[in-house]
Amino acid sequence: MFLIEKDLEIERVECITPKIALNESFEARYRHYMVPMLELEDGTQIGEALAIWTYLEALHSQPALMGRTALEKATISAWERRAYDEGLIGHAEIFRNSHLNFVDRGLPGYHAKIPQISALIERGKMRVAHFHQKFNTQLANNRFVAGDTFSVADITTIVTVDFGLALNMPIPDNAPHVQRWYDEMQKRPSVRDSVPKHAPDGTPLPVAA
C-alpha cells in the first residue's frame with residue numbers, strides 16, 4: 001500500500017515458505033529473522049515496516065503518509081502504534097499460539113524454541129475486542145484513522161483488520177464506524193491492489209465484500 005501510494009517500484013522477493021516460515025536463504029542473509037526488510041544497493045539492511053516507511057518518506061515526501069506538521073506526525077505515529085500494538089499483536093497472539101505451524105514458534109525473530117501458550121489466545125481475543133472499540137470511537141469523528149488524510153496509521157489498521165478476517169474474526173457489530181471506514185478503504189486503489197489473495201500455504205483468503 002505504501003509503495004503504491006508513493007508510486008514507487010521496488011523489487012520484492014518472497015521469503016516465506018508454504019509452511020509460513022522464513023526460507024533458509026533469507027535467514028542466512030538477515031540476522032533479525034523477520035520481514036519486511038529493505039536492502040539497499042550498498043548492502044545496508046533496514047528492518048521493520050515503520051523504519052522502512054521513515055526512510056522512504058524522507059526520500060519521497062509526497063504524498064505525505066507520515067504527517068506534515070509536528071502535530072500530524074505525532075498523531076499519525078501514535079495511532080499507527082496503537083493499531084500495531086493493540087490490534088496486530090492481539091491477532092498475532094491468537095494466531096501464533098493456536099496454529100499448528102507455530103508450535104515452538106510463539107514469538108517472531110527467534111531461532112530458539114518458544115513454546116505456544118494457550119492462555120494467550122484468550123488474552124489476544126480481549127486485546128482485539130479492545131482494539132475495535134478504541135478505533136470505533138476514534139473513527140466516529142474522523143474519516144481516516146489519524147484525522148482527515150490517509151496515512152500509515154490506516155495502512156497498519158487495514159492490515160490488522162485483514163488479519164482478523166483471515167482468522168475468521170470479522171469486524172464486530174458494535175464497531176460500525178470501523179466497518180464504515182473499512183468499506184471506504186476498499187475503494188482506494190492502493191488498498192484494492194495490494195490485497196493478498198492467499199496465505200503463504202496457498203489457502204485462499206477471504207475477499208472483502
Side-chain angles (χ1 to χ4, degrees), residues 1-17 20-68 70 72-97 99 101-102 105-112 114 120 124 127-128 131 134-135 144-146 150-164 166-167 185 190-191 194-196 199-200:
M1 271 180 268
F2 187 94
L3 295 177
I4 294 171
E5 291 282 341
K6 293 282 190 182
D7 195 23
L8 295 175
E9 287 291 336
I10 293 179
E11 180 184 2
R12 282 167 284 176
V13 178
E14 179 59 76
C15 301
I16 307 296
T17 71
I20 321 179
L22 295 171
N23 62 40
E24 292 182 0
S25 63
F26 182 78
E27 287 194 341
R29 188 183 194 92
Y30 188 55
R31 66 185 180 89
H32 297 293
Y33 312 128
M34 293 177 69
V35 291
M37 182 270 283
L38 174 66
E39 186 166 86
L40 308 184
E41 290 184 358
D42 65 0
T44 299
Q45 296 174 332
I46 303 173
E48 307 296 337
L50 184 58
I52 294 169
W53 290 338
T54 300
Y55 173 79
L56 293 176
E57 179 102 342
L59 295 177
H60 309 276
S61 61
Q62 298 302 318
L65 298 178
M66 303 184 76
R68 295 159 294 184
E72 281 185 353
K73 291 176 185 292
T75 302
I76 290 169
S77 179
W79 282 102
E80 192 280 331
R81 286 296 84 188
R82 289 174 185 133
Y84 182 88
D85 292 334
E86 300 178 28
L88 197 64
I89 298 303
H91 285 94
E93 283 192 332
I94 299 167
F95 181 70
R96 280 190 169 271
N97 290 287
H99 199 289
N101 280 339
F102 284 79
R105 294 172 57 203
L107 288 172
Y110 288 82
H111 259 308
I114 307 293
L120 292 179
R127 294 178 74 178
V128 169
F131 156 80
K134 176 177 286 191
F135 278 67
F144 298 98
V145 169
F150 183 86
S151 72
V152 295
D154 294 282
I155 293 177
T156 299
T157 306
I158 290 164
V159 172
T160 297
V161 174
D162 282 341
F163 197 174
L167 295 175
M185 292 301 96
S190 66
V191 176
S194 61
V195 172

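Just the heavy atoms: all of them, side chains too, but no hydrogens, waters or symmetry mates, feed the values below. Being a predicted model, the structure only gives us computed values, none of them experimental.
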* To do: Evaluate the criterion side-chain contact (heavy atoms from CB on, under 4.5 Å) for residue pair K6 and L56; output intermediate values, then yes/no.
  => CA-CA 9 Å; K6 293 282 190 182; L56 293 176; 5.9 Å; no
* To do: Decide yes or no on side-chain contact (heavy atoms from CB on, under 4.5 Å) for F2 and E57, but give the supporting numbers first.
  => CA-CA 10 Å; F2 187 94; E57 179 102 342; 4.0 Å; yes
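Ring pair H111/Y33 is perpendicular by interplanar angle, where above 60° counts as perpendicular and below 30° as parallel. Taking the six-membered ring for Trp and thresholds of 30 and 60 degrees, F131 and F135 have ring planes inclined between 30 and 60 degrees apart.
Residues L22 and T17 fail the side-chain proximity criterion, which asks for heavy atoms closer than 4.5 Å. Residues V35 and F26 have side chains in contact (heavy-atom distance under 4.5 Å, counting atoms from C-beta outward). With contacts defined as side-chain heavy-atom distances shorter than 4.5 Å, the pair T44/Y55 does not qualify. Two residues are said to be in side-chain contact when any heavy atoms from C-beta on lie closer than 4.5 Å; R127 and E93 meet this criterion. Annotation: side chain of L50 is in contact with side chain of M66 (closest heavy-atom distance under 4.5 Å). Here the side chains of D154 and V191 are not in contact, with every heavy-atom distance at 4.5 Å or above. At least one side-chain heavy atom of R105 sits less than 4.5 Å from a side-chain heavy atom of R96. The shortest side-chain heavy-atom distance between Q45 and R31 does not fall under the 4.5 Å cut-off.
Between S194 and I4, the shortest heavy-atom contact is CB-CD1, 4.2 Å. Closest heavy-atom contact between D85 and I89: O-CB, 3.4 Å. Closest of all the heavy-atom pairs between A83 and T160 is O-OG1, 3.5 Å. The two atoms that bring G87 and V128 nearest to each other are O-CG2, 4.4 Å, heavy atoms only.
With salt bridges taken as basic N to acidic carboxylate O contacts below 4.0 Å, one links R68 and E72.
For Y84, the OH atom counts as loosely surrounded, since its 6.0 Å shell holds 12 or fewer non-hydrogen atoms of other residues, nucleotides or ligands.
Under the 3.5 Å distance criterion, the side-chain polar atoms of H99 are matched with a main-chain donor or acceptor of N101. Side-chain atoms of E5 do not come within 3.5 Å of backbone N or O of S190 as any donor-acceptor pair.
Among V152, D162, V145, the single residue meeting the side chain to side chain contact (heavy atoms under 4.5 Å, CB included) criterion with T157 is V145.
Atom CE in M37 sits 9.5 Å away from atom NE2 in H32 (nearest 0.5 Å).
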